[in-house]
Structures are given as C-alpha cells and as structure tokens.
Amino acid sequence: MATETVAKPRTSLRVGVQKFGTFLSGMIMPNIGAFIAWGLITALFIEKGYLPVPQLGGFGTNAEGVANVGLVGPMITYLLPLLIAYTGGKMVYDVRGGVVGAIGTMGVIVGAGIPMFIGAMIMGPLGGWTIKQLDRLWDGKIRPGFEMLVNNFSAGIWGAALALLGFYGISPLVAGFSKGAGNVVQFLVDNGLLPLTSIFIEPAKVLFLNNAINHGVLTPLGVQQSLEQGKSILFLLEANPGPGLGILLAYMFFGRGAAKASAPGAAIIHFLGGIHEIYFPYVLMKPILILAAIGGGMTGIATLALTNSGLVAPAAPGSIIAVIAQTSRDSYVGVILAVVLATTVSFLIASLILRTSKNKGEDDLTEATSRMEAMKGKKSSVSSALTGEGAGDRAAARGEGTVLTRPVQNIVFACDAGMGSSAMGASVLRNKIKAAGFPDVKVTNSAIANLSDSYDVVVTHEDLTERAQPRTASAVHYSVDNFMNSPRYDEIVELVRASNSEGAPAETTETAAAAPTHGAHTAEPAAAVEGKAVLLRESVVLNGTSRDRDSAIDEAGQLLLDRGAVDMSYVHAMHEREESVSTYMGSFLAIPHGTNAAKEHINHSAVSIVRYPEGIDWGGKQVKFVVGVAGINNEHLHILSSIAKIFTNKAQVAQLEQATTVDEVLELFGKVNA
C-alpha cells in the first residue's frame with residue numbers, strides 16, 4: 001500500500017507554542033457551551049439585561065433584606081473554572097486526574113476571590129499529572145482487594161494538599177499575573193494602542209498560534225472584564241470574522257483558477273461556520289496578504305474601542321452567528337460595524353494586492369493547503385472545500401479516512417470493551433513495530449467509548465470502524481478482520497517507517513507523555529501481574545465438550561464463574577459482545593469477553609482457556625482455542641500479551657495443539673501466577 005508523504009518532525013519554537021495553545025484550547029473548547037449559557041443568563045437577567053430578574057441576575061435584596069446571589073456570579077466564579085480544571089486534569093490522566101485537578105482548583109478560587117480561569121488552567125493539568133506520578137509509585141504493589149481504598153484515599157489526600165497549595169501558593173501568583181495583564185490591556189485601551197495587537201494576532205492565527213493567545217490570555221481576561229463591566233472587547237480581538245472574509249471576497253472578485261472558484265464556498269464556511277482556518281491557505285500562497293488581515297483587524301478593534309462595544313462571553317467558533325449571540329445589549333451597532341468595516345478594509349487591501357500582482361494564486365492553492373496542514377500537524381477538516389475530495393476518497397478507499405502530516409507516534413487499537421481483542425492486537429503490532437526498529441512508537445488499546453481525537457493511527461475490527469471514525473477524525477484508520485495476523489499490520493509498520501524516516505522524532509517523549517489515557521492501556525510487565533492468579537490450573541481445559549460457538553462461550557464463561565471472577569450477567573454480556581462483533585482473532589483462536597458496560601460485573605481479573613482439538617465453527621472460522629477474558633485494572637493484559645506472542649508463532653500453536661497436560665499449556669503462557 002502506498003503511504004502518503006509525511007512531514008519531517010518539527011521542533012521549532014512555533015511548534016512548541018502551537019502545542020501549548022492546542023492544550024489550552026483543549027481545556028476551553030469542550031466547555032464553550034457553559035460559557036454561552038453564562039453569557040445568555042448574564043445578558044438576560046442582570047440589572048441592565050433584557051429581562052432583569054434580581055434572583056437570577058444577582059442584584060438587589062430579597063424580602064428578608066439579604067443580597068441576592070443569583071446565577072451569574074457563582075457560575076463565573078465556581079462552575080466555569082472547575083469545568084476547565086476538570087477537563088485539563090482529565091486530558092492528562094482521565095477522570096481521576098480531572099477530579100484531583102478540580103479539587104486543587106477550588107483552593108485557587110477561594111484564595112483569589114476572583115474568577116480563576118488561568119489558575120484553573122494551571123491546577124487542572126498539574127493535579128492530573130501529579131496524581132499520575134503518585135499512582136506510578138505503587139503501581140502493581142497494592143494487595144488485591146485494596147485497590148479502591150488506596151485509589152480513593154490517595155486522590156482525596158493529594159487533592160486536599162493541592163487545594164492548600166492553590167490557596168496559599170498559586171492564587172496570589174495568578175491574581176498578580178491577572179492584575180498585571182489587565183493593567184497592560186487597560187494601558188493599551190487608554191492610549192488608543194489596542195488596535196496594534198492585530199500586528200501580532202493576525203499572523204499568529206495563520207501560523208496556528210492563536211489558541212495560546214486567545215485561550216491563554218484573552219478569554220480569561222475578557223471574562224473578568226465582562227463580569228465587572230458587563231462586556232469585553234477582548235473577546236473580539238481574535239474572533240472577528242471580518243479580516244478573513246475580506247480576503248476571501250477579494251479572491252472571489254480578483255483571484256484566478258482554483259483560488260477564485262473555491263473562495264465563495266470558503267467564505268460561507270468561514271463567516272457562517274466560524275472555521276477561520278479555511279482562509280489561511282489563501283494567505284499562505286501570497287503571504288503579503290497578511291497586511292490585509294492586519295488592516296482589517298486593526299479597523300475592527302478601533303471601531304469597537306470608539307463605540308465602547310463588546311461581547312458578554314467568548315464567541316466560539318468565530319461565526320457571525322456566535323458573535324451576534326454573545327453581543328452585549330448596548331453593543332449591536334458597534335459590533336456589527338466592527339465586522340463590516342474590518343471586512344471592507346481587508347477587502348480593499350487584498351484587492352489592491354491581487355490586482356497589482358502578476359501571480360494571482362491560480363495554481364498554488366493545493367500547495368498552500370498542504371503547507372497549512374503541515375503547520376497544523378494534521379489533515380484539515382475543511383481542506384476538501386479548497387482542494388476537492390479526490391485525496392480523501394482515495395484514503396477512504398484504503399480505510400484510512402485521513403492523511404497524516406506528522407510522524408506516527410501514537411497508535412490505538414479500539415474495540416467495544418477495550419480489554420480483549422484490542423489488547424491482543426496491540427500486543428501483536430507492538431512487537432512488529434519494535435522489531436522494525438521503532439520502540440518509542442506507543443501502541444495502546446482502548447474502548448471505543450473512551451477514544452479521543454488525539455491518536456495518529458486507529459485500528460479497529462471492520463465492523464467497528466464506523467463507530468470509531470467520528471471520535472478520531474484526524475487519525476489514519478485501519479480496518480482488520482482479525483487481530484492476530486492481519487496483513488494490514490505490515491502496512492501500518494510501513495507507515496511508521498515512512499513517517500519517521502528522517503530519524504528519531506524529537507517529539508517522541510513529549511507526544512507519548514501527552515497522549516491521553518482515556519481508558520487506553522498498555523501491557524503491564526510480568527511483575528505487575530504475578531501473584532494475582534489471573535490464570536489458574538483449574539481454568540484450563542484441554543478437551544472442551546462444546547460443539548458450537550455459543551456453548552463454547554458458556555463453557556469458557558462457566559470457568560470464570562467457578563472462580564468467582566464474574567457474575568452471570570458478565571457471561572450474558574459475552575454473548576452480547578459476540579453478536580455485535582466477532583472475537584475470532586485468527587490462528588484458531590477466539591477470546592470471548594464482555595461489553596464495556598459489563599465491567600461492573602467483574603469481581604477480579606481472570607482468564608480461562610478451553611481447547612477443542614477437533615475445532616468448532618465460529619462464524620465461519622475454525623476455532624480450536626477459546627480464551628475467556630475478564631479484566632479490571634489492566635491485570636489481564638500481560639497474559640493476553642503472552643497469548644498474542646504464542647499465536648503469532650506457528651511452532652508454538654502446534655505445541656498447544658499437541659499438549660497432553662495442563663502444565664505444558666501453562667509453561668507456554670509463562671509462569672504468570674508464580
């Protein structure tokens with residue numbers, strides 16, 4: 001299979017700022033709905049709102065003379081920072097990290113007494129990262145049955161410690177930074193210098209550095225300003241769609257070729273959809289057009305300043321619809337005028353540049369789009385509007401869904417439960433990639449429900465690909481019909497080799513560290529499983545009595561029941577899982593296991609093995625070995641890794657077929673219970 005050209009690893013300062021901005025954006029963007037809700041409540045119910053309600057807007061007193069608290073203040077002081085902190089912690093260490101990050105942030109909130117968005121963006125990830133490091137200290141050392149006790153108390157104790165750190169240590173620093181940054185902004189406003197920020201903001205947008213500026217500084221300061229004044233100009237410094245619209249309109253009238261033809265569609269996506277990246281390639285193929293964006297941005301900001309206009313909350317995405325929805329009650333004229341004038345000035349400058357230029361960009365749009373994607377680090381979700389669907393169609397035909405513009409460093413196998421089929425496949429591919437000389441490429445497994453759009457490659461059973469693709473739209477997707485010996489593994493190895501062909505990526509360590517857990521697992525070392533009795537002698541049957549798939553699942557499930565590892569609901573879930581997607585793995589092996597929802601019916605990790613010397617029919621495939629799997633806390637992953645190594649070795653499969661004692665089987669799988 002031919003692989004696409006992949007960009008060389010990038011280690012510049014710009015890339016570092018991009019990554020930082022992307023991380024900040026990852027904390028803010030999932031919670032934009034909450035910002036919008038707060039903005040609407042503020043616009044409607046505060047004292048100067050459309051429908052003033054003291055009990056909701058937080059003004060006046062009640063019948064007893066007590067001041068009304070309302071919704072506006074508590075939402076901005078507690079709800080929004082805690083949501084941001086939880087999201088940031090979860091990005092680092094799943095739900096556990098989110099909870100600890102939110103606890104720590106409460107200390108910052110109470111200590112500062114003002115909306116602590118910057119504090120939340122510090123404490124959330126810090127809480128997630130520190131509890132992750134603490135968990136590693138005792139990973140594999142907790143006696144069975146005490147895991148929940150240790151996990152809960154460690155999170156509670158460390159969360160309390162972080163709350164104290166936030167109260168006494170972080171909150172004064174963040175409050176001081178917020179005050180200083182606010183003073184700088186006020187200085188720019190007072191001296192009419194705020195429009196000059198476009199000189200930095202507009203080029204930053206095209207270079208994908210805007211997230212660090214917007215979500216790291218402008219949004220937190222804007223929210224504080226909005227709380228005090230009822231609106232903020234800062235929300236529109238970057239989000240104004242006017243500068244980009246002016247450039248696209250200039251291409252509609254004075255461009256040529258593909259640029260002219262695609263500009264109308266891009267303008268609609270940009271202005272109404274709020275996806276500003278759609279106009280970046282038009283600037284990249286004629287960089288001098290950045291002057292048009294800067295001129296438009298400065299005009300828009302100056303208009304807002306002169307009319308004293310602003311938004312009550314962030315406009316995300318930067319659509320004119322979102323902008324109008326968040327406009328302060330007294331700012332509609334100023335905001336609309338700022339967008340119109342920004343568009344006009346940008347259009348006039350861009351038109352002058354295009355009309356006086358010999359090269360009007362008729363042949364360079366595709367190349368510029370590729371440069372944009374290389375800077376972004378992944379396929380643009382809207383690039384098909386510029387370059388057509390051909391490349392995407394070819395990728396889809398191969399089952400990939402997208403084209404990477406970055407080295408492959410993070411591969412995930414996804415199945416329904418994330419503990420059986422995917423763990424086996426991950427083990428097989430991990431060994432292949434290591435053998436190819438790329439040990440730093442991370443190969444994990446996950447339940448589809450826990451996937452996030454942060455992986456380079458996603459491997460799923462062909463029946464599950466459609467479920468995984470919407471969650472991981474920017475990844476390359478591979479569909480397989482079995483997880484043990486799919487020929488697509490060699491294609492993935494070739495993709496890894498091609499994407500890393502310029503040498504070991506400098507981003508390897510950082511990428512692996514930043515990869516979210518989200519339920520993804522890697523195989524644990526043997527020491528982490530020894531002593532936990534995952535596989536017992538009595539759970540191995542050399543001559544199964546079943547003659548069909550369903551009864552074989554019952555037979556393997558009964559062995560798990562006999563050990564008290566699961567209850568009957570889990571066995572039912574094993575059948576449910578089989579009806580949705582086959583657990584046939586190839587090499588005469590099937591590993592029936594429950595659905596993701598059935599994990600609550602597992603008491604402790606266990607594996608059962610049933611051999612059928614004559615073979616049974618498993619959905620049209622011959623199966624001689626049925627391995628029942630029930631796992632919590634990843635304890636079963638080492639044994640699955642051992643099974644994967646065996647069943648990719650034809651000689652060892654033959655040994656299993658010829659084994660006459662249970663000891664021979666256990667010897668092949670390794671002394672995991674020694």
Side-chain angles (χ1 to χ4, degrees), residues 23-39 41-42 58 67-135 148-179 181-182 215-217 219-228 313-314 516-517:
F23 188 80
L24 294 179
S25 178
M27 286 189 275
I28 297 291
M29 293 307 292
N31 298 304
I32 284 296
F35 278 91
I36 293 174
W38 173 77
I41 290 173
T42 300
N68 290 312
V69 175
L71 287 175
V72 176
M75 286 181 72
I76 199 67
T77 303
Y78 300 106
L79 175 65
L80 296 181
L82 289 175
L83 283 175
I84 291 171
Y86 177 82
T87 304
K90 189 173 186 291
M91 289 167 64
V92 176
Y93 196 42
D94 207 22
V95 173
R96 184 167 169 79
V99 170
V100 174
I103 296 172
T105 300
M106 196 64 193
V108 181
I109 293 172
V110 176
I114 61 174
M116 273 287 99
F117 292 92
I118 296 177
M121 287 188 280
I122 294 173
M123 292 302 295
L126 179 64
W129 184 82
T130 51
I131 192 65
K132 182 178 183 179
Q133 305 312 309
L134 286 175
D135 283 353
M148 183 175 294
L149 181 68
V150 172
N151 287 341
N152 287 341
F153 270 87
S154 62
I157 293 171
W158 185 244
L162 285 179
L164 295 177
L165 173 65
F167 186 91
Y168 289 108
I170 304 297
S171 64
L173 296 177
V174 176
F177 172 81
S178 298
K179 183 178 180 180
H215 298 304
V217 179
T219 295
L221 293 179
V223 169
Q224 177 64 30
Q225 193 177 76
S226 179
L227 182 64
E228 297 171 355
T517 51

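- Within the 4.5 Å cutoff, no side-chain heavy atoms of Asn31 are placed close to those of Leu80.
- Side-chain contact between Phe167 and Met106: absent, with no pair of heavy atoms (C-beta onward) separated by less than 4.5 Å.
- For the atom pair CG (Leu126) and CD1 (Ile131), the distance works out to 11.0 Å, reported to the nearest 0.5 Å.
- In terms of the ring pair (Phe, Tyr, Trp, His ring centres under 6.0 Å) criterion, residue partners of Phe35 (sequence neighbours excluded) are, by chain and number, Phe117.
- Across all their heavy atoms, Gly127 and Val100 have their closest contact at O-CG1, 3.7 Å.
- Residues forming a side-chain contact (heavy atoms from CB on, under 4.5 Å) with Asn68 (at least two apart in sequence, or on another chain): Pro54, Gln55, Asn62.
- Rounding to the nearest 0.5 Å places CD1 of Ile118 at 12.5 Å from CD1 of Ile170.
- Taken from CE in Met27 to CD1 in Ile84, the straight-line distance is 8.0 Å, to the nearest 0.5 Å.
- Among pairs with a residue in residues 163-176, none fulfils side chain to side chain donor-acceptor pair (under 3.5 Å), at least two apart in sequence or across chains.
- The closest side-chain heavy-atom distance from Met123 to Pro81 is not below 4.5 Å.
- Residues satisfying the side-chain contact (heavy atoms from CB on, under 4.5 Å) test with Leu71, not counting sequence neighbours, are Ile41, Leu56, Met75.
- When all heavy atoms are compared, the tightest approach of Ala85 to Thr105 is CB-OG1, 3.0 Å.
- Annotation: side chain of Tyr93 is in contact with side chain of Asp135 (closest heavy-atom distance under 4.5 Å).
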Donor-acceptor pairs are to be reported for all side-chain atoms of residues 154-162 against protein atoms at under 3.5 Å, with residues two or more places apart or in another chain.
| residue | atom | partner | partner atom | Å |
| --- | --- | --- | --- | --- |
| Ser154 | OG | Arg96 | NH2 | 2.6 |
| Ser154 | OG | Val150 | O | 2.8 |
| Ser154 | OG | Asn151 | O | 3.0 |
| Trp158 | NE1 | Thr130 | OG1 | 2.8 |

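- Atom NZ of Lys90 and atom CG of Leu83 lie 13.0 Å apart (nearest 0.5 Å).
- Remark: Trp129 engages Val92, Gln133 in a side-chain contact (heavy atoms from CB on, under 4.5 Å) (not counting sequence neighbours).
- Considering only residues two or more places apart in sequence or on other chains, Val69 meets the side-chain contact (heavy atoms from CB on, under 4.5 Å) condition with Pro74.
- Of all non-hydrogen atoms in Val72 and Trp38, the two that sit nearest each other are O-NE1, 3.1 Å.
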